[in-house]
Amino acid sequence: MIEVRQVSRQFGNRPVVSDISFTVKEKETLVLLGSSGSGKTTTLKMLNRLIEPDSGEILIGGKNVLHQPLEQLRRSIGYVIQQTGLFPHYTVAENIAIVPHLLKWSKEAIKQRVKHLLETLGLPPAQFAARYPHELSGGQQQRVGLARALAANPPILLMDEPFGALDPVIRHNIRQEFLNLEELKDKTIVMVTHDVTEAVLLANQICLLSEGKILQTGTARELLLQPVNTLGKEFFDQNRFQLERMVYTLADIFPRLTFTPTPDTHVPVFDSELTLWEILNKDQYDKTGIIGIRQQSQLYYVPVTQLLSFMPEADLLNSRK
Ligand SMILES: Nc1ncnc2c1ncn2[C@@H]1O[C@H](COP(=O)(O)OP(=O)(O)OP(=O)(O)O)[C@@H](O)[C@H]1O
């Protein structure tokens, strides 16, 4: 668990991070979201002491990070940055092996770990292990950066705009892979992004920053549907239509649906707690045009077009009771 308590940091006499507090539970992903200059990177770097706070406390696993030996702290925290930070004169395998090597793992253990990570991240070792970073695409470099951060299996991962340098299609694909990676499922992750879609997709909790202060911390659903101030609301407005599909569940829109009779053919059935986005991203539905919804152990059938044409309404959540 990571606990950030009333942390502040100035550069010169300019406050860059002011009185920030949040908690990241084990195996959760907290996204630091905010526009450029809002203090995201500075906050992240205080977690692994690349920057030290002027005041406040940061506890990891109950221990103040300032009281832990720096080397030990950094080795228990994987760090992934946009520019990957790969060593240009090291091969892919050597780059990934850096921390296990420092930890004096056996040669065989290192070899097996590198092989496993490359396979997991879709980079066949026979093809990629001996290459140098400049012989890789941006997406491949980013995967190697992630593999390197994961090499010694640290419980915590800090990621600063990890997909930022990638073009939109690759970015989308890597994000999806990221969501499905077994290696990441038991990690406690803090990620910096200014991309709202990325935040909504990946975060258990979002901490929305503006000018070094927290505007709101909560789930994507809370930030989108129950903003506590205008600034927080406006941050999502440009992408609101798409983002709300990512947080509205079938149960939310249930009162607005018109049901059809039980179809003759088999149709896919979804639990009503799934979001519209989760349903619309599954390809099973377009064969039938109709889906089943399981709501409080009853089954209802509805044409998919109703989900596609759904327009969020301000009163919808209030009417769901
Ligand atoms: N070492 C430094 N010395 C002086 N000012 C700094 C330093 N590092 C960051 N800043 C300033 O602190 C502010 C916050 O920077 P930070 O990198 O934390 O923001 P950010 O939200 O991550 O922005 P971006 O999305 O552009 O990376 C910026 O105005 C930046 O110029």
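Whatever order the structure lists ligands and atoms in, that order sets their numbers, starting from 1.
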Minimum non-hydrogen distance to atom 24 (P) of ligand 1, winning option of Ser38, Ser210, Gly212, Ser36: Ser36
Residue, atom name and distance, where the atom is the protein heavy atom closest to [atom]:
{"atom": "atom 8 (N) of ligand 1", "value": "Phe11 CE1, 3.4 Å"}
{"atom": "atom 13 (C) of ligand 1", "value": "Val16 CG1, 3.5 Å"}
{"atom": "atom 25 (O) of ligand 1", "value": "Lys40 NZ, 2.9 Å"}
{"atom": "atom 19 (O) of ligand 1", "value": "Gly39 N, 3.3 Å"}
{"atom": "atom 23 (O) of ligand 1", "value": "Gly37 N, 2.8 Å"}

Please say whether the positively charged group of Arg131, taken as NZ for Lys or CZ for Arg, lies over the ring of Phe128, i.e. under 6.0 angstrom from the six-membered ring centre and within 45 degrees of the axis. yes
Short side-chain to backbone donor-acceptor contact, Thr188 and Ile156, under 3.5 Å: no
Of all heavy-atom pairs linking Leu103 and Ala152, the shortest is CD1-CB, 3.7 Å
With heavy atoms of Ser35 as the reference, note each atom of ligand 1 found under 4.0 Å away. 21 (O)
If you count the atoms of ligand 1 from 1 in the order shown, which ones are under 4.0 Å from a heavy atom of Thr42? 15 (O), 16 (P), 18 (O)
Under 4.0 Å, heavy-atom basis, I'd like to know which part of Thr41 is in contact with ligand 1: side chain, backbone, both or neither. both
Part of Arg14 with heavy atoms under 4.0 Å of ligand 1, whether side chain, backbone, both or neither: side chain
What's the verdict on salt bridge (charged side-chain N to carboxylate O under 4.0 Å, His left out) for Glu183 and Arg143, showing C-alpha distance, side-chain angles and the deciding distance? CA-CA 13 Å; Glu183 288 274 344; Arg143 289 189 177 99; over 6 Å; no
Salt bridge (charged side-chain N to carboxylate O under 4.0 Å, His left out) with Asp19: which residues, sequence neighbours excluded? none
Can a donor-acceptor pair be found between the side chains of Glu94 and His89 at a distance below 3.5 Å? no
Distance-only check: which donor-acceptor pairs under 3.5 Å involve side-chain atoms of residues 25-40, not counting sequence neighbours?
{"from": "Ser38", "atom 1": "OG", "to": "Ser35", "atom 2": "O", "distance (Å)": "2.7"}
{"from": "Lys40", "atom 1": "NZ", "to": "Gly34", "atom 2": "O", "distance (Å)": "2.9"}
{"from": "Lys40", "atom 1": "NZ", "to": "Ser35", "atom 2": "O", "distance (Å)": "3.0"}

